[in-house]
Amino acid sequence: MTDALARFYHPDLSVDQHLALRTAALRLAGEFDGMYGTETIERFLHTSYDRFASLSSVPNFLPLLAERFARQRLRALARVEGHHHDGKPVVLFLCTHNAGRSQMALGFFAHLAGDRAVAWSGGSEPGFEINPAAVAAMAERGIDITDEYPKPWTDEIVRAATVVVTMGCGDACPVFPGTRYENWDVDDPAGLGVADVRPIRDELERRVRRLMDQLAIPTA
């Protein structure tokens, strides 16, 4: 075992979870073979794990979250460094907790754009779970966002974005020269019931459709 993976041996994780982390590293190594070496992949997996370890109260899910987030970060890095060229626009939706507005916007964008574009989301202070009212409001539109999870943003993810849409994170949102930014003044659905989230949902859909028109992305 490498030194980087040895650091995954936290006392709060079972043997199965340690095995899951080692298996995740092997999967990522296979996916990014020819782009990044073992050291880079293990470093991204390790730092992704650490980002969630301080937030999650359910350690059994930490290896899965770490792998998913490391994969997204490595894909972003590949775009930044020119290893991946598919010509697709990348839109990053940011809010404070990545639990409501940014997740609903991501849901609409991914649903409408299909494989014509790439969409990510993040938060300056990620929460613990997706807002249940936001999940229910999106389900009314036939869009399931339960597979998503609150996550932070990282430099490579922001730098890979064609457009960064910010909602309520203020000065905490990252700014990189040469990146297109939009700030959407949309109410925060935190603490609201489904009835009060619906107008927010509908406003986000209108803004997402307008953004897609601007980027010349046809709806699926």
Side-chain angles (χ1 to χ4, degrees), residues 43-59 61-62 64-77 79-80 89-110 117-135 137-138 143 145-192 196-197 199-201 203-205 207-208 210-211 215:
R43 174 168 54 85
F44 271 66
L45 185 59
H46 175 68
T47 55
S48 295
Y49 173 89
D50 284 345
R51 285 175 180 267
F52 289 107
S54 61
L55 299 173
S56 177
S57 59
V58 188
F61 291 110
L62 289 176
L64 174 61
L65 293 179
E67 180 182 356
R68 290 180 62 183
F69 192 48
R71 179 177 291 106
Q72 179 179 321
R73 294 175 61 197
L74 287 164
R75 287 175 176 171
L77 185 65
R79 288 178 178 274
V80 171
V90 179
V91 177
L92 173 62
F93 297 99
L94 298 178
C95 66
T96 303
H97 301 302
N98 191 215
R101 289 167 292 187
S102 56
Q103 294 288 2
M104 288 192 287
L106 172 65
F108 275 123
F109 192 95
V118 176
W120 297 321
S121 70
S124 56
E125 300 175 14
F128 294 99
E129 63 178 359
I130 306 298
N131 184 332
V135 171
M138 294 298 289
I143 300 174
I145 61 173
T146 57
D147 194 44
E148 290 297 327
Y149 57 101
K151 65 190 80 63
W153 56 266
T154 61
D155 286 357
E156 65 275 354
I157 288 175
V158 179
R159 292 173 60 199
T162 309
V163 180
V164 177
V165 176
T166 62
M167 291 173 275
C169 49
D171 293 340
C173 284
V175 176
F176 287 95
T179 301
R180 173 181 167 185
Y181 287 85
E182 288 194 14
N183 182 65
W184 291 359
D185 187 10
V186 180
D187 291 338
D188 188 348
L192 302 180
D196 292 321
V197 171
I200 300 173
R201 173 201 65 193
E203 174 63 17
L204 287 168
E205 181 180 9
R207 289 175 180 265
V208 166
R210 186 181 310 127
L211 177 61
L215 295 174

Got a second to check how far [X]'s [atom1] is from [Y]'s [atom2], nearest 0.5 Å?
X	Y	atom1	atom2	answer
Thr154	Phe69	OG1	CZ	5.0 Å
Leu74	Arg43	CG	CZ	9.0 Å
Asp147	Tyr149	CG	OH	9.0 Å
Ser121	Met104	OG	CE	12.0 Å
Ile130	Ser102	CD1	OG	7.5 Å
Leu94	Met167	CG	CE	7.5 Å

Do [X] and [Y] have side chains that approach each other closer than 4.5 Å (heavy atoms only, starting at C-beta)?
X	Y	result
Phe61	Phe52	no
Arg207	Val165	no
Ile200	Leu192	yes
Leu215	Arg180	yes
Lys151	Arg68	no
Leu211	Phe108	no
Tyr181	Val158	yes
Phe44	Leu77	yes

Count the heavy atoms of every other residue, nucleotide or ligand shown that sit under 6.0 Å from CZ of Arg159, and state whether that count exceeds 12.
no
Ignoring hydrogens and geometry, is there a side-chain-to-backbone donor-acceptor pair from [X] to [Y] under 3.5 Å?
X	Y	value
Asp188	Gly168	no
Gln103	Asn98	yes
His97	Glu125	yes
Arg201	Ala137	yes
Arg101	Val186	yes

How close do [X] and [Y] get, counting heavy atoms only, and between which atoms?
X	Y	answer
Pro150	Phe128	CG-C, 4.1 Å
Val164	Ala161	CG2-CB, 3.8 Å
Gly100	Ala134	CA-CB, 4.4 Å
Trp153	Ser124	NE1-CA, 3.9 Å

Begin from the C-alpha positions of Ile157 and Leu92 and carry the test side-chain contact (heavy atoms from CB on, under 4.5 Å) through to its verdict. CA-CA 8 Å; Ile157 288 175; Leu92 173 62; 3.9 Å; yes
Note to self: Distance alone, cut at 3.5 Å: any donor-acceptor contact between the side chains of Thr47 and Arg73?
What the structure shows: yes
